[in-house]
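Proteins get letters first, then strands, A, B, ... in listed order; numbering begins at 1 in each. The figures here come from the full heavy-atom set of this structure, side chains too, leaving out hydrogens, waters and symmetry mates.
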Amino acid sequence: MSILDVLKERGYIEQFSHEEEIKELLDKEKVTFYIGFDPTADSLHVGHFIQLMVMSYLQKAGHRPIVLIGGGTAMVGDPSGKTDMRKMLSKEDITYNVECIKKQMEKFIDFSEGKAILVNNAEWLLNLNYIDFLRDIGVHFSVNRMLTAECFKLRLEKGLSFLEFNYMLMQAYDFLELNRRYGCKLEVGGNDQWSNILAGVDLIRRKEGKEAYGMTITLLTNSEGKKMGKTEKGALWLDPNKTSPYEFYQYWRNVNDADVEKCLRLLTFLPMEEVRKLSSLKDKEINEAKKILAFEVTKLVHGEEEAKKAQEAAEALFGGSGDLSNVPTIKISSNLIGQKLLDVLVEAKVIPSKSEGKRLIQQGGLYINNEKVSSFDEVLKEEMFKEGFMLVRKGKKSYNKIELE
RNA sequence: GGAGCGGUACCCAAGUGGCCAAAGGGGGCAGACUGUAAAUCUGUUGGCAGACGCCUUCGGUGGUUCGAAUCCACCCCGCUCCA
């Protein structure tokens, strides 16, 4: 089966610049392709993960990925599909983010023996000469055409600065540069990158007289069309310090029934046969599929050991069996014994404020060792730490294990 | 540079001198129902306080007033039209 067919079957691909040619290219040659990642935060998130999956598939099929870190483009900010200008990042933040993201990449892509390349576009963007760039690259862009591009649509209603308007040229220039340096012929990206990718394809044709190609990857949305991978705290990060493996596992364990198939297809390497089998399960049965989904995704992102721990913790908490040793734990000082429970929980950041805590108690949503807390005046007692820990539950799903130190 | 409009809580958005911790919706949280799902229904949603009440908040800084999100002055930011 052609690699492109594999990607299509799993539902990764949204658009092609030239479908036939790309298929032929990928079947016949070892293709150098690139995906860009702007360092807008100090960690990648699930949205990036899908792209890494595609990259990984292509790499396994014998093609050569270029991971382009957008240390230069992040200075400008991509307006595509955004309603507001994003806040400008300082140079220091960008440098820091680049380093963080670089480290994460190595977990997903094999960079050994030149099997993949990692570059930062700051290398060629930061020292560009404005006039030279305009004369060399700017001439090839029609403002009239840019204005009709889908990616600016929202911003033309709400306002778009010249700074961000330039983003497209910079991304197009990246593609050209990679084409020149490494013979990169294909740019892949999220579907919101379509206009930017086409701009690069066109630029290479004009400057080099060569054909270049682009394709876009579906964005991870749920059955209601909303972006997935968001939690109350923001994105679902790949960095275990920002989103713990347990939280990560739980997110996938709790996806809607209707989204199970899509997630299995896009976020795991399970064979399609199995994906279909699992997602055809109904009612309670589909929980089994969700467990597998959660385990597999967590395994890919955090490794098998962490995935097992997360799974064990979940089983212990929700299945009522097994030991709780892998449940995320907070340590507090033992001299807090005798203090008001609410104060302690605020201190331990289990609860954001005392008002919030009182509300929880009032509504019957706070439990210590599975016993409902009914009084605001409850005090932290030694006896609460059976077997060395206390289990705090907020509502139905949020657990924290607290230990003394 | 000129003219007009606007900046309200996590987001959208009402409020134009006291009844405003601020309508409504979204989101979040909790409860019921369930399958650790969705949908639905109910409650809740600044902080401190068991009620009273106190403190901080309506772009910023000053001012008017017994009293300001609301009036005045200056400033900052955004949008639209003109140049």
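B/rC5 sits 23 Å from B/rA9 when the C1' atoms are compared, rounded to a whole Å. A gap of 41 Å separates the C1' atoms of B/rG35 and B/rA22, to the nearest Å. As rounded to the nearest Å, B/rG46 and B/rC11 have P atoms that lie 14 Å from one another. B/rA68 and B/rC79 have their P atoms separated by 33 Å, with the value rounded to a whole Å. Between B/rA69 and B/rU8, the two C1' atoms lie 7 Å apart (nearest whole Å). Rounded to whole Å, the C1' atom of B/rU65 lies 23 Å from the corresponding atom of B/rC55. Taking atom P in both B/rC33 and B/rC58, one finds a spacing of 43 Å when rounded to whole Å. B/rA14 and B/rG26 have their C1' atoms separated by 15 Å, with the value rounded to a whole Å.
With hydrogens and angles ignored, no donor-acceptor pair under 3.5 angstrom links the side chain of A/Q363 to the base of B/rG31.
Atom CG in A/D257 sits about 9 Å away from atom P in B/rA38, given to the nearest Å. Rounded to an integer number of Å, the gap from CD of A/Q362 to C1' of B/rC29 is 14 Å. Rounded to an integer number of Å, the gap from A/N287 CG to B/rU36 P is 6 Å. Between the NZ atom of A/K396 and the C1' atom of B/rU34 there is a distance of 9 Å, given to the nearest Å. Distance A/L360 CG to B/rU45 P: 13 Å, rounded to the nearest Å. Between the NZ atom of A/K291 and the C1' atom of B/rG35 there is a distance of 10 Å, rounded to whole Å. Note: CD1 (A/I361) to C1' (B/rU44) measures 15 Å, nearest angstrom. Between the C1' atom of B/rA37 and the CG atom of A/L293 lies a distance of 12 Å, rounded to the nearest Å.
Proximity of a side-chain donor or acceptor of A/R393 to a complementary backbone N or O of A/I368 within less than 3.5 Å is not detected. For A/H48 (side chain) and A/H45 (main-chain N/O), a donor-acceptor pair under 3.5 Å exists by modelled atom type. Between the side chain of A/D42 and the main chain of A/N97, no donor-acceptor pair closer than 3.5 Å is present. Under a 3.5 Å cut-off, the side chain of A/K23 and the backbone N or O of A/I3 do not form any donor-acceptor pair. No donor-acceptor pair under 3.5 Å is formed between the side chain of A/N191 and the backbone N or O of A/T218. Although no hydrogens or angles enter the test, the distance criterion places a donor-acceptor pair under 3.5 Å between the side chain of A/T216 and the main chain of A/Q15. Using modelled atom types, one side-chain atom of A/D110 and one backbone atom of A/S112 make a donor-acceptor pair closer than 3.5 Å.
Checking B/rG31, B/rG47, B/rA38 against every side-chain atom of A/N256, the shortest atom distance belongs to B/rA38. Listed nucleotides B/rU36, B/rA38, B/rG35 differ in distance to A/F318; the shortest reach to its side chain belongs to B/rU36.
The nucleotide B/rC71 finds its pairing partner in B/rG63, both defining distances of the Watson-Crick or G-U wobble pair being shorter than 3.5 Å. Searching all strands for a Watson-Crick or G-U wobble partner of B/rA3 with both distances below 3.5 Å returns B/rU80. Base pairing of B/rC52 is not made with any nucleotide, judged by Watson-Crick or G-U wobble geometry with both donor-acceptor distances under 3.5 Å. Using N1 to N3 plus N6-O4 or O6-N4 for Watson-Crick, or N1-O2 and O6-N3 for G-U wobble, each under 3.5 Å, B/rA32 pairs with B/rU40. Using the Watson-Crick or G-U wobble rule with both distances under 3.5 Å, B/rG27 pairs with B/rU45. In this entry B/rA22 has no Watson-Crick or G-U wobble partner, no candidate having both defining distances under 3.5 Å. Across all strands shown, B/rA9 forms no Watson-Crick or G-U wobble pair with both key distances under 3.5 Å.
Residue contacts shown for A/V260 are absent, as no nucleic acid heavy atom lies under 4.0 Å away. As judged by a 4.0 angstrom heavy-atom cut-off over every strand, A/R253 is placed among the base-contacting residues. Residue contacts for A/A314: at a heavy-atom cut-off of 4.0 Å it reaches a base atom on one of the strands shown. In this structure, A/I286 reaches the bases: a heavy-atom distance under 4.0 Å links it to at least one base atom across the strands shown. Residue contacts for A/K394: at a heavy-atom cut-off of 4.0 Å it reaches the sugar-phosphate backbone alone, with no base atom in range.
Both tests pass for A/K60 against the ring of A/F269: distance under 6.0 Å to the centre and angle within 45° of the axis.
Among residues two or more places apart in sequence or in another chain, the salt bridge (charged side-chain N to carboxylate O under 4.0 Å, His left out) test is passed with A/E9 by A/R276.
Ring to ring, A/Y173 and A/F133 are close: their centroids are under 6.0 angstrom apart. The six-membered or imidazole ring of A/F152 lies near that of A/F165, with a centre-to-centre distance under 6.0 Å. Residues A/Y249 and A/F295 place their aromatic rings such that the two centres sit no closer than 6.0 Å.
Distances shown here put a side-chain N or O of A/K397 below 4.0 Å from the OP1 or OP2 atom of B/rA37. Taking only side-chain nitrogens and oxygens, A/R393 never comes nearer than 4.0 Å to OP1 or OP2 of B/rU36.
For the contact set between residues 263-281 of chain A and RNA chain B, defined by any heavy atom under 4.0 Å, there are no members.
Judged by closest nucleotide on RNA chain B, A/L366 is the one of A/L156 and A/L366 placed further toward the 5' end.
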Under 3.5 Å, which N/O atoms of the protein pair with N/O atoms of nucleotides 48-52 of chain B?
| from | atom 1 | to | atom 2 | distance (Å) |
| --- | --- | --- | --- | --- |
| B/rC48 | OP1 | A/K354 | N | 2.9 |
| B/rC48 | OP2 | A/S355 | N | 2.6 |
| B/rC48 | OP2 | A/S355 | OG | 2.3 |
| B/rA49 | OP1 | A/K354 | NZ | 2.5 |
| B/rA49 | OP2 | A/K358 | NZ | 3.2 |
| B/rG50 | OP2 | A/K358 | NZ | 2.9 |
| B/rG50 | N1 | A/D377 | OD2 | 3.0 |

